[in-house]
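In what follows, a structure is listed as structure tokens, so that the remarks can point back to it.
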Amino acid sequence: MFRLSNSPLEINNLHASLQSETAGGFVCFEGRVRTLNEGKTVTSLEYESYGPLAEKEGLRVIQEAKEKFPIIAASCVHRIGHLQIGDIAIWVGVISQHRGPSFEACRYIIDEIKSRLPIWKKEHYQDGDSGWINCEKPNSSSK
């Protein structure tokens with residue numbers, strides 16, 4: 001499952017959506033809005049997306065993860081709209097029989113979502129400046 005959300009993410013509901021008696025491994029990633037980026041103090045940010053394409057490509061990424069790794073299920077939700085410091089911007093969850101595939105699939109999903117989906121963020125800075133940033137695959141120093 002992949003979806004975009006205008007509302008704050010309900011972590012308990014997301015965790016509950018990934019249940020299986022055969023799953024011994026559950027891994028999730030929560031990307032949160034932070035106060036500092038590239039030396040600038042961030043006060044909030046906005047995400048915009050081309051929804052139909054983002055949802056189609058997000059579902060494709062989840063399907064690819066299921067084909068590449070022996071996982072039971074995976075889910076990803078990406079926020080859009082205005083977010084405050086500490087808000088969860090993206091959530092990825094994966095279950096599998098063992099922990100290894102869950103970790104690998106979770107990493108694959110977040111990296112592919114960040115590099116392939118038409119989602120952009122606008123950071124608002126303490127100095128009053130702001131700027132749109134295309135969400136890209138992280139470089140090796142941020143891994």
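Across Val94, Leu59, Ile110, Ile90, a single residue satisfies side chain to side chain contact (heavy atoms under 4.5 Å, CB included) together with Cys76, and that is Ile90.
Taking all atoms of both residues into account, the shortest heavy-atom contact from Leu117 to Ala54 is CD2-O, 3.4 Å. When every heavy atom of Leu18 is checked against every heavy atom of Ala74, the shortest pair comes out as CD2-N, 4.1 Å. Across Pro8 and Arg79, no two heavy atoms sit closer than the pair CA-NH1, 3.4 Å. For the pair Gly86 and Arg32, the tightest heavy-atom approach, listed with the atom from each and the gap, is O-NH1, 3.4 Å.
A donor-acceptor distance shorter than 3.5 angstrom exists from the side chain of Ser102 to the backbone of Ser96, with no hydrogens or angles considered. Panel note: side chain Asp111, backbone Tyr108; no donor-acceptor pair is recorded below 3.5 Å.
Judged as a side chain to side chain donor-acceptor pair (under 3.5 Å), and not counting sequence neighbours, Glu104 has no contacts. With sequence neighbours excluded, the residues forming a ring-ring contact (aromatic ring centres under 6.0 Å, His included) with His15 are Phe26, Trp91, listed by chain and number. Take Phe2 and apply the ring-ring contact (aromatic ring centres under 6.0 Å, His included) test, not counting sequence neighbours, and it matches no residue. Partners of Tyr50 under the side chain to side chain donor-acceptor pair (under 3.5 Å) rule, at least two apart in sequence or in another chain, do not exist in this structure. Not a single side chain to side chain donor-acceptor pair (under 3.5 Å) links Asn6 to another residue, sequence neighbours left out.
With rounding to the nearest 0.5 angstrom, the CG atom of Leu83 is 10.0 Å from the CD1 atom of Ile88. From Glu57, atom CD reaches atom CD1 of Ile119 across 10.5 Å, with rounding to the nearest 0.5 Å. To the nearest 0.5 angstrom, Ile95 atom CD1 is 12.5 Å from Cys28 atom SG. In this structure, CD in Glu46 is found 14.0 Å from CH2 in Trp120, a value given to the nearest 0.5 Å. Between the CD1 atom of Ile71 and the SG atom of Cys106 there is a distance of 9.5 Å, given to the nearest 0.5 Å.
Residue Phe103 shares its hydrophobic cluster (ILVMFWY side chains chained together at separations under 4.5 Å) with Val27.
Salt-bridge formation is not detected for the pair Glu112/Lys114: no Lys NZ or Arg NE/NH1/NH2 atom is positioned less than 4.0 Å from an Asp or Glu carboxylate oxygen. For the pair Glu64 and Arg116, the salt-bridge criterion is met [side-chain N within less than 4.0 Å of a carboxylate O].
Under the 4.5 Å side-chain heavy-atom criterion for ILVMFWY residues, no single connected hydrophobic cluster contains both Leu9 and Ile113. The hydrophobic cluster containing Tyr47 does not contain Leu14, counting ILVMFWY residues as joined when their side-chain heavy atoms lie under 4.5 angstrom apart, directly or transitively. Linking Ile, Leu, Val, Met, Phe, Trp and Tyr residues whenever their side-chain heavy atoms come within less than 4.5 Å places Leu45 and Ile80 in a single cluster. Residues Val77 and Ile11 are members of one and the same hydrophobic cluster, defined by side-chain heavy-atom contacts under 4.5 angstrom among Ile, Leu, Val, Met, Phe, Trp and Tyr.
The shortest side-chain heavy-atom distance between His124 and Lys122 falls under the 4.5 Å cut-off. Here the side chains of Arg107 and Phe29 are not in contact, with every heavy-atom distance at 4.5 Å or above. Side-chain contact between Lys66 and Ile72 is absent, with no heavy-atom pair separated by less than 4.5 Å. Asp127 has its side chain within reach of Lys40: a pair of non-hydrogen atoms, C-beta onward, lies under 4.5 Å apart. Side-chain atoms of Tyr125 and Val42, non-hydrogen and from C-beta on, do get closer than 4.5 Å to each other. Using a 4.5 Å heavy-atom cutoff, the side chains of Glu123 and Thr43 are not in contact.
Judged by distance alone, the side chains of Ser20 and Thr22 do bring a donor and an acceptor atom under 3.5 Å apart.
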(request) Kindly indicate, with the supporting measurements, whether the criterion side chain to side chain donor-acceptor pair (under 3.5 Å) is fulfilled by Ser44 and His82. (result) CA-CA 7 Å; Ser44 66; His82 197 102; 3.1 Å; yes
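By the 6.0 Å contact criterion, CD on Gln84 is enclosed, its count of non-hydrogen atoms from other residues, nucleotides or ligands being greater than 12. Heavy-atom neighbours of His98 NE2 from other residues, nucleotides or ligands within 6.0 Å: at or below the threshold of 12. In the displayed structure, Gln126 atom CD is contacted under 6.0 Å by at most 12 heavy atoms of other residues, nucleotides or ligands.
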